[in-house]
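Remarks on the structure that follows.
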Amino acid sequence: MKYAFFKGEIVPFSEAKISIMTHAFNYGTGVFEGIRGYWNKSKKQMYILKLKEHYMRMVNSCKILKIELKYSLDELCKITKDLVKKNEYKEDVYIRPIAYKSQEVIGLGLTGIDDDFAIYLAPFGEYLDISKGIKVCTSSWRRVDDITIPARAKVIGIYVNSSLAKAEAKENGFAEAIMLTPEGLVSEGSGENIFLIRDGKLITPQVSQNILEGITREIIIELAKTELKLPVTERAVNRSELYIADELFFCGTGAQVSPIVEVDRRRIGNGKIGPITEKLQKIYFSAVRGDNPKYSSWLTSV
Ligand code: PMP
């Protein structure tokens, strides 16, 4: 990491430091985004995926946490492009914008507290093993509910909930956890959305089931409909429906398209990456790496 955007300017990464008294550091009162930049080796070009869409979600997260963003959508995109350019990475990167309660103050609340905005980026490869499919569990931790901390906002504090689930999964030998809502419906992974495939149809939990409204989820819905002509349904999913799915996969900025081959030690389908998941993976990667001109509008070249 060479440069960050901090307090209104691009500075060396080592200078982008906050005080230990920062409100967001003490209370989790910030929101963030995770955006991928894909490096296309043959074109020698960096493509940022769905840049504007990520900032549109951040604007909504800020509304929920009463954080005032000093920048317009266009300015946020421009600052990000400038920072990516300045860092000169020639590999895949992960871009992390953070909008947060920046004041040094003791005391809870959201109003009357100063806000700030920062970005850093780092080289980033695979987050989950997407080549052979992963083994996952359902978590004993419940996903935060909309009346606890709204999950559609990408709030820093929510990631305690996600980390509890992820830690439990890993300590028990699983790659990832599937979280259920307090009512016991399938919500999502600790850091990614989930899709089931049954009889050639895609099914994914609804936005009201405490999910983060994933950008990749939207991409998958679009690709499934337009490229594979498959019907997609957003509806409530029970845990037991996971066990009888033909195919299962996670999707997210980090996870990309990540096939699941086992849930709670039960084999999914034939225990190998399913054919529809495999097709979606291929289409996804060609689009996000800038190899399919049909989807060039998703990409911001740097
Ligand atoms: N759910 C959670 C809890 C996440 O952290 C993420 C990653 N941002 C996702 C879903 C996937 O969202 P996206 O596709 O926008 O990265």
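One-based numbering, in listed order, for ligands and for the atoms of each.
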Distance dump, ligand 1 polar atoms to protein, N/O, under 3.5 Å:
unit_1, atom_1, unit_2, atom_2, d
ligand 1, 1 (N), Glu188, OE1, 2.5
ligand 1, 5 (O), Lys154, NZ, 3.1
ligand 1, 5 (O), Tyr159, OH, 2.5
ligand 1, 8 (N), Lys154, NZ, 2.9
ligand 1, 14 (O), Ile215, N, 3.3
ligand 1, 14 (O), Thr216, N, 2.9
ligand 1, 14 (O), Thr216, OG1, 2.5
ligand 1, 15 (O), Arg57, NH1, 2.8
ligand 1, 15 (O), Arg57, NH2, 3.0
ligand 1, 15 (O), Ile215, N, 2.8
ligand 1, 16 (O), Thr253, N, 2.9
ligand 1, 16 (O), Thr253, OG1, 2.5

- Query: How would you list, by chain and number, every residue that makes a side chain to side chain donor-acceptor pair (under 3.5 Å) with Ser162, sequence neighbours excluded?
  - Reply: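 By the side chain to side chain donor-acceptor pair (under 3.5 Å) rule, Ser162 matches no residue at all.
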- Answer yes if the ring centres of Tyr47 and Tyr38 are under 6.0 angstrom apart, and no otherwise.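 Centroid distance Tyr47-Tyr38: not below 6.0 Å, so no.
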- With sequence neighbours excluded, tell me which residues meet side-chain contact (heavy atoms from CB on, under 4.5 Å) with Cys62.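 For Cys62 the side-chain contact (heavy atoms from CB on, under 4.5 Å) partners, ignoring immediate neighbours, are Val31, Met58, Ile67, Leu69, Ala99.
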Please tabulate, one pair per line, all N/O donor-acceptor pairs under 3.5 Å involving side-chain atoms of residues 272-286, not counting sequence neighbours.
unit_1, atom_1, unit_2, atom_2, d
Thr277, OG1, Glu247, OE1, 2.6
Gln281, NE2, Ile130, O, 3.0
Gln281, NE2, Val257, O, 3.0

- Query: Is there a donor in the side chain of Glu168 and an acceptor in the side chain of Ser140, or the other way round, less than 3.5 Å apart?
  - Reply: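 Yes, because at least one side-chain N or O of Glu168 sits under 3.5 Å from a partner of the opposite role on Ser140.
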- Message: Please determine whether the number of non-hydrogen atoms from other residues, nucleotides or ligands lying under 6.0 Å from atom NZ of Lys166 exceeds 12.
- Response: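 Atom NZ in Lys166 is packed in, count exceeds 12.
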